[in-house]
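Encoded as structure tokens, the structure appears first; notes follow it.
Naming: A, B, ... by sequence-line order, numbering from 1 per chain. This one's a predicted model, so the numbers in the text were calculated from it and none came from an experiment.
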Number of protein chains: 2
Amino acid sequence: MTYRQFTRQAKLTRRDFCLEMLAAHREDIKAKKDETAVKNLELIFQATLEVSNQKGFQAMTMRDLSRASGISVGAMYDYFNSKESLLEMIQEAGRRIAGRVMRQAVSGAEAPPEKLAAAIRAHLYLSEAMQPWFFFSYMEARHLGKVEKQRAKEGELATERHIAEIIRAGKRQGVFADVDHRLGAAVIKAMLQDWYLKRWKYAKRRVSVERYADFVVGMAHGFCRNGLGDAGPREVRQ
Amino acid sequence: MTYRQFTRQAKLTRRDFCLEMLAAHREDIKAKKDETAVKNLELIFQATLEVSNQKGFQAMTMRDLSRASGISVGAMYDYFNSKESLLEMIQEAGRRIAGRVMRQAVSGAEAPPEKLAAAIRAHLYLSEAMQPWFFFSYMEARHLGKVEKQRAKEGELATERHIAEIIRAGKRQGVFADVDHRLGAAVIKAMLQDWYLKRWKYAKRRVSVERYADFVVGMAHGFCRNGLGDAGPREVRQ
DNA sequence: AAGATAAAAACGAACGATCGCTCGGAAAAT
DNA sequence: ATTTTCCGAGCGATCGTTCGTTTTTATCTT
């Protein structure tokens with residue numbers, strides 16, 4: 001699947017994101033008409049990611065946010081109860097959308113190699129389509145409350161366990177070599193995260209998400225087929 | 001080289017770190033006696049990383065820092081001019097030490113495979129010994145001023161270019177396959193960063209730095225020898 | 001169609017709390 | 001007795017947040 005096909009089937013626009021936020025907090029949001037509510041949520045959401053991804057959520061003041069969104073400080077508070085709850089609303093909505101997309105994206109494949117490729121590709125395409133949110137979510141997870149922080153961490157570990165499980169299944173079926181599936185999943189995850197954490201770097205080098213996906217899938221398959229992760233005597237040490 | 005051997009030859013204690021800070025800012029620091037200066041710098045340095053790595057540097061107040069270090073707010077200002085300059089002092093000293101260690105750690109190897117292994121191992125061992133600083137440096141780079149931020153980014157890119165150069169040399173000498181050395185270096189770098197960004201995860205799973213190093217070196221060699229990164233027709237797509 | 005009325009949305013000055021930081025004097029060391 | 005180190009109340013600035021008011025939009029009346 002190409003990135004173009006992916007974005008066509010998945011609804012991941014800024015508007016979709018804010019509809020999710022509105023639905024989850026309809027009674028807390030003071031605006032009566034959905035039309036205006038979504039419109040202003042979009043302005044606030046975009047401004048939050050823009051300012052926050054540049055200087056950090058803590059360093060962003062409500063006056064910064066007001067200037068960047070074009071909405072007065074007082075009016076913004078019709079859409080969230082506090083700065084902290086704004087952070088939680090954004091994290092929560094994104095986590096829900098990402099979870100939903102991931103679940104249905106990997107539902108097609110059968111054999112472990114294809115499943116592995118599908119999972120990698122789905123994660124990369126998703127994080128490409130929602131890059132500002134993924135970056136935000138990663139960098140600001142520390143500022144969440146205990147409950148929300150635990151949920152964010154759990155979401156991360158679930159992705160990793162999912163990949164590890166695919167590798168394990170491949171080993172049982174004999175299509176993968178006897179590699180450390182947990183360490184393998186960990187480093188694959190590291191590569192996936194690098195895409196949204198350092199996207200400016202890849203953009204400057206003109207590396208497309210498809211090319212990066214091909215590359216990571218290639219590395220993952222090579223690793224699983226040849227068993228490079230067993231640290232055997234082929235190792236060269238200094 | 002084992003991690004134990006590495007830490008024995010490299011001077012990377014907290015005290016060494018603070019001696020570096022003191023030497024760089026001897027005239028700005030109000031304390032006259034080096035003894036007391038280093039002692040208090042250690043308290044401040046440790047408390048800064050402790051509090052900051054948990055809640056973020058911006059969210060850390062000077063009163064937090066005073067409580068965590070056991071030094072009064074007033075006395076702390078005998079050791080730095082402002083909160084921002086404290087951040088810069090820590091970043092600068094760490095960058096200098098890390099650069100020095102890396103330069104001499106990879107000076108021994110000759111052939112590209114050994115050079116690659118040495119570079120990976122040196123970086124991992126270094127980030128293990130200075131893990132709190134590496135984590136801090138990565139997460140707080142956004143809060144630096146323009147000049148310091150550029151220097152931090154340059155340091156990162158230098159590491160990556162170094163790895164890419166080794167792979168390129170290996171290709172020219174025919175010991176490595178025709179792989180994309182830039183993308184290869186990028187994902188190797190991602191694996192290296194994962195070690196200090198997610199160390200709690202590896203600690204819980206009882207993965208030692210040596211085992212992780214063996215694993216990454218194995219993946220890097222496998223990739224370079226078999227050319228998994230060319231995204232050829234062997235790719236399986238969904 | 002136009003004016004009156006009510007409802008909804010937007011505003012920004014002002015509030016108490018807390019921030020980074022200073023400074024005059026106390027405490028400790030020499 | 002002198003120097004060095006340490007202290008923490010207090011300063012102005014700025015923070016997140018509120019709320020009485022104005023402006024805009026929708027609805028009703030003539």
Side-chain angles (χ1 to χ4, degrees), chain A residues 18 21-22 25-48 51-52 54-90 140 143-145, chain B residues 18 21-22 25-48 51-52 54-90 140 143-145:
Chain A
C18 293
M21 278 205 286
L22 180 60
H25 299 90
R26 194 61 194 90
E27 67 265 23
D28 302 328
I29 291 173
K30 307 293 186 299
K32 307 283 179 181
K33 296 196 301 179
D34 288 1
E35 176 87 21
T36 46
V38 172
K39 183 197 73 180
N40 286 331
L41 277 175
E42 283 193 63
L43 291 172
I44 292 169
F45 171 68
Q46 175 155 36
T48 302
V51 179
S52 189
Q54 207 233 328
K55 59 158 68 176
F57 186 79
Q58 280 276 353
M60 175 189 76
T61 70
M62 301 315 282
R63 289 160 182 85
D64 285 335
L65 194 55
S66 169
R67 205 177 314 115
S69 65
I71 301 175
S72 71
V73 176
M76 289 195 304
Y77 275 84
D78 289 342
Y79 297 93
F80 50 78
N81 296 322
S82 66
K83 192 185 177 189
E84 192 190 339
S85 89
L86 169 64
L87 173 58
E88 287 179 2
M89 278 170 66
I90 292 176
E140 310 300 345
H143 304 305
L144 289 168
Chain B
C18 293
M21 278 204 287
L22 179 60
H25 299 90
R26 193 62 195 90
E27 67 265 24
D28 303 326
I29 291 173
K30 308 294 187 298
K32 307 281 180 183
K33 295 196 300 181
D34 289 1
E35 177 87 22
T36 45
V38 173
K39 184 197 71 179
N40 286 331
L41 276 175
E42 283 193 62
L43 291 171
I44 292 169
F45 171 68
Q46 174 156 35
T48 302
V51 178
S52 189
Q54 207 234 328
K55 58 159 68 176
F57 186 78
Q58 279 277 350
M60 175 189 76
T61 70
M62 302 315 283
R63 289 161 181 87
D64 285 336
L65 193 56
S66 170
R67 205 178 312 116
S69 65
I71 301 174
S72 70
V73 175
M76 288 195 304
Y77 276 85
D78 288 341
Y79 298 92
F80 48 79
N81 297 322
S82 65
K83 193 186 177 189
E84 192 189 339
S85 89
L86 169 63
L87 173 58
E88 285 178 3
M89 278 170 67
I90 293 177
E140 310 301 345
H143 303 305
L144 290 169

Along DNA chain D, first and last positions that approach a heavy atom of chain B under 4.0 Å: D:dT4 to D:dG10

For the student: nearest non-hydrogen atoms of [X] and [Y], plus distance:
| X | Y | result |
| --- | --- | --- |
| A:His25 | A:Met89 | CE1-CG, 3.4 Å |
| B:Thr36 | B:Ala31 | OG1-CB, 4.4 Å |
| B:Val51 | B:Ala68 | CG2-CB, 3.7 Å |

To the nearest 0.5 angstrom, please state how far the [atom1] atom of [X] sits from the [atom2] atom of [Y].
| X | Y | atom1 | atom2 | value |
| --- | --- | --- | --- | --- |
| A:Phe80 | A:Met21 | CZ | CE | 10.0 Å |
| A:Asn81 | A:Asp28 | CG | CG | 5.5 Å |
| B:Leu22 | B:Tyr79 | CG | OH | 9.5 Å |
| A:Asp78 | A:Asn40 | CG | CG | 9.0 Å |
| B:Glu140 | B:Ser52 | CD | OG | 4.0 Å |
| A:Asp34 | A:Cys18 | CG | SG | 12.5 Å |

Sugar-phosphate only, base, or nothing, as touched by A:Ser66 at under 4.0 Å among non-hydrogen atoms: nothing

Sugar-phosphate only, base, or nothing, as touched by A:Met62 at under 4.0 Å among non-hydrogen atoms: base

In whole Å, I'd like the distance from the [atom1] atom of [X] to the [atom2] atom of [N].
| X | N | atom1 | atom2 | value |
| --- | --- | --- | --- | --- |
| A:Glu35 | C:dA9 | CD | C1' | 14 Å |
| A:Leu65 | C:dG12 | CG | P | 15 Å |
| B:Arg63 | C:dA17 | CZ | C1' | 11 Å |
| A:Met60 | C:dC19 | CE | P | 18 Å |
| B:Lys83 | C:dT18 | NZ | P | 16 Å |
| A:Lys32 | C:dA8 | NZ | C1' | 8 Å |

B:Ser82 vs A:Asn40, nearer the 5' end of DNA chain C by closest nucleotide: A:Asn40

Nucleic acid contacts of residues 71-80 of chain A, taken as heavy-atom distances under 4.0 Å to DNA chain C: A:Ile71, A:Ser72, A:Gly74, A:Ala75, A:Tyr79

Greater than 12 external heavy atoms within 6.0 Å of A:Lys32's NZ: no

Aromatic A:Phe57 / basic A:Lys83 pairing, under 6.0 angstrom, 45° off normal: yes

Under 3.5 Å between N/O atoms: give me all the protein pairs with nucleotides 27-30 of chain C, atom names plus distance.
residue, atom, partner, partner atom, Å
C:dT30, OP1, B:Lys33, NZ, 2.7

